[in-house]
Protein chains: 2
Amino acid sequence: MTNQAVSAPTTSERILDAAEDLFAEKGYSATSLGDVADRVGIRSPSLYNHFKNKEALYQAVLERLLADFTAPQRELDSGPVTYERVFEWLETIVRRHHANPNLARLLQHAALSGGPHTNELIDRFFRPMFQPGARIDGQEVTVFGDAGLQPWAVMAFNNLVMSYVTMAPMYRDLLGQDPFSEAALENQLNLIKSLLRAVFAYRGE
Amino acid sequence: MTNQAVSAPTTSERILDAAEDLFAEKGYSATSLGDVADRVGIRSPSLYNHFKNKEALYQAVLERLLADFTAPQRELDSGPVTYERVFEWLETIVRRHHANPNLARLLQHAALSGGPHTNELIDRFFRPMFQPGARIDGQEVTVFGDAGLQPWAVMAFNNLVMSYVTMAPMYRDLLGQDPFSEAALENQLNLIKSLLRAVFAYRGE
DNA sequence: AATAATAACTAATAGCCGTTAGTATAACCC
DNA sequence: GGGTTATACTAACGGCTATTAGTTATTATT
């Protein structure tokens with residue numbers, strides 16, 4: 001009679017947890033199913049009772065991550081694009097990447113390798129950011145010059161957020177501080193928001 | 001009687017070229033010596049006539065890349081840190097990363113895996129950026145607030161430059177343009193310089 | 001011309017990889 | 001309680017990995 005309050009994680013969930021961390025750290029092909037199984041505490045053939053094969057495991061990991069991260073984007077799209085709501089959206093995704101850096105790492109691995117996983121990730125994560133007519137308050141931002149530059153700018157800010165977590169080990173050693181501490185999170189949040197504010201405030205040379 | 005003008009690349013150089021591309025694309029452990037040898041057009045055991053083992057090959061690749069990329073940094077350190085010279089330095093490293101994206105990719109792989117290569121790369125590439133007393137014109141930049149935030153800001157701008165090339169495949173598919181074309185380079189250069197200018201111009205809320 | 005060194009090759013190694021097959025044990029259903 | 005299902009296990013496979021040993025052909029040195 002299993003009757004716990006929040007229910008202990010199932011084996012499948014524990015496999016997903018382990019695989020997510022390992023894929024994010026080493027990438028797809030450098031992650032071995034033996035490593036995954038070791039973390040869970042089972043033998044690697046037992047994984048096949050839960051997932052068809054390595055590729056299916058990767059897809060399941062991806063599915064779970066994307067479900068978490070595309071929610072704020074849909075939130076932003078559901079109303080007018082004001083400065084305040086962009087700030088909110090930015091803060092939300094920064095906090096979410098801090099809470100779980102694995103999606104950013106997975107995306108970075110995929111981008112580096114340019115393999116078959118890349119296209120799917122583009123379509124499901126990045127493409128939604130580039131909906132036409134998503135001007136900010138109907139007004140273009142001076143820094144970015146002509147409108148043709150704007151997609152680059154969106155990517156730039158996204159990269160700013162993501163590269164913080166993909167570069168986290170570098171930050172740790174360089175600055176001698178845990179980059180995922182609450183203090184470090186506030187620092188990065190202030191920096192990014194200040195940068196965005198400077199961009200909005202700037203009106204030409 | 002081989003008597004060519006610029007001298008054809010030696011086998012060792014061709015191995016380094018192939019290995020550099022592959023390490024940058026797939027990372028250390030996902031790159032096989034068989035792949036490297038295939039690109040050069042020889043069998044994998046022949047690699048051992050030129051490099052002691054896989055690790056030594058990686059180190060040699062790294063050495064050649066770092067020699068290219070630390071020159072501009074030493075240039076900047078050799079004189080007063082003015083706005084103009086920071087802009088110059090930024091433009092130089094942006095152009096250098098465009099000309100050869102492989103160091104950025106290698107760094108990103110190392111940061112993601114956090115393996116033994118990470119520390120060496122930090123010391124040789126990033127640490128020089130954080131020399132004490134490198135204030136800009138003796139004046140702090142308002143956006144970054146207190147001086148304690150400044151290392152974060154330096155990393156942020158570096159990440160902005162590097163993530164462009166590590167995310168290049170994403171840019172290619174999203175924007176439908178070669179991210180390493182001359183036009184794209186100018187775009188990114190303008191964006192980054194504009195961002196830096198906005199940061200300098202910004203003086204509080 | 002004889003010798004030494006360079007750099008390619010083939011063959012073979014031990015180990016790890018993803019995956020399949022077959023088996024045992026425990027929990028559920030009727 | 002018998003049968004079914006779920007999930008763990010061990011054993012084994014073919015393929016790929018880095019690496020070593022031994023061989024051969026070409027080049028440079030004396």
Side-chain angles (χ1 to χ4, degrees), chain A residues 1-4 7-64 106 109-110 112-113 115-117, chain B residues 1-4 7-64 106 109-110 112-113 115-117:
Chain A
M1 195 170 292
T2 63
N3 188 7
Q4 44 257 4
S7 83
T10 66
T11 305
S12 295
E13 284 166 344
R14 289 169 53 227
I15 294 172
L16 282 173
D17 291 341
E20 183 184 303
D21 285 344
L22 286 167
F23 283 141
E25 182 184 320
K26 314 177 166 206
Y28 180 79
S29 56
T31 296
S32 82
L33 294 182
D35 291 342
V36 176
D38 280 352
R39 288 214 182 180
V40 179
I42 59 178
R43 308 285 180 179
S44 68
S46 301
L47 297 176
Y48 288 79
N49 285 323
H50 302 270
F51 300 94
K52 182 168 152 282
N53 53 26
K54 189 182 181 182
E55 179 64 29
L57 175 56
Y58 181 86
Q59 290 295 336
V61 164
L62 209 63
E63 216 60 41
R64 205 176 56 158
L106 237 61
H109 273 294
L112 282 165
S113 305
H117 298 133
Chain B
M1 193 171 291
T2 63
N3 188 7
Q4 44 259 5
S7 84
T10 65
T11 304
S12 294
E13 284 166 344
R14 288 170 52 228
I15 293 172
L16 282 172
D17 290 341
E20 183 184 303
D21 285 344
L22 286 167
F23 283 142
E25 182 185 320
K26 313 176 167 206
Y28 180 79
S29 56
T31 296
S32 83
L33 294 182
D35 290 343
V36 177
D38 280 351
R39 287 214 182 181
V40 181
I42 60 178
R43 307 285 180 181
S44 66
S46 301
L47 298 175
Y48 289 80
N49 286 322
H50 303 269
F51 300 94
K52 183 168 151 283
N53 52 26
K54 189 182 180 181
E55 179 64 27
L57 174 56
Y58 180 87
Q59 290 295 335
V61 164
L62 210 62
E63 216 60 41
R64 205 176 56 159
L106 237 61
H109 273 294
L112 283 165
S113 305
H117 298 134

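Rounding to whole angstrom units, OH of residue Tyr48(A) and C1' of dT10(D) are separated by 16 Å. As rounded to whole Å, 6 Å separates atom P of dT19(D) from atom CG of Leu33(B). Distance CZ (Phe51(B)) to C1' (dA18(D)): 16 Å, rounded to an integer number of Å. Lys26(B) places its NZ atom 13 Å from the P atom of dC16(D), with the value rounded to the nearest Å. For the pair Lys52(B) NZ and dA18(D) P, the computed distance is 15 Å after rounding to whole Å.
Between Leu62(A) and His117(A) there is no side-chain heavy-atom pair separated by less than 4.5 Å.
Of all nucleotides in DNA chain C, those with any atom nearer than 4.0 Å to a heavy atom of chain A start and finish, going 5' to 3', at dC17(C) to dT20(C).
Of the N and O atoms on the side chains of Glu13(B) and His50(B), not one donor lies less than 3.5 Å from an acceptor on the other residue.
Taking side-chain N and O atoms only, Arg43(A) has no distance below 4.0 Å to OP1 or OP2 of dA8(D). Within the 4.0 Å cut-off from OP1 or OP2 of dA6(D), not a single side-chain nitrogen or oxygen of His50(A) is found.
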*Please step through side chain to side chain donor-acceptor pair (under 3.5 Å) for the pair Gln59(A) and Glu63(A), ending with a clear verdict.*
CA-CA 6 Å; Gln59(A) 290 295 336; Glu63(A) 216 60 41; over 6 Å; no
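Ser46(A) comes within 4.0 angstrom of a nucleotide base, judged by non-hydrogen atoms across all strands. Within 4.0 Å of Thr31(A), counting heavy atoms only, lie sugar-phosphate atoms of the nucleic acid but no base atom. Ser12(B) comes within 4.0 angstrom of nothing in the nucleic acid, heavy atoms only.
Here the side chain of Tyr28(A) pairs no donor or acceptor atom with the backbone of Ala110(A) at under 3.5 angstrom. At least one donor-acceptor pair closer than 3.5 Å links the side chain of Lys54(B) to the backbone N or O of Thr31(B).
Residue-to-nucleotide proximity on DNA chain C shows that, of Ile15(B) and Pro45(A), the 5′-proximal contact is made by Ile15(B).
Judged by atom type and distance alone, Asn49(A) reaches the base of dA8(D) through a side-chain donor-acceptor pair under 3.5 Å.
Within the model, atoms CD1 of Ile15(B) and CG of Leu33(B) stand 10.0 Å from one another, a figure rounded to the nearest 0.5 Å. A distance of 11.0 Å separates CG in Leu47(B) from CG in Asn53(B), rounded to the nearest 0.5 Å.
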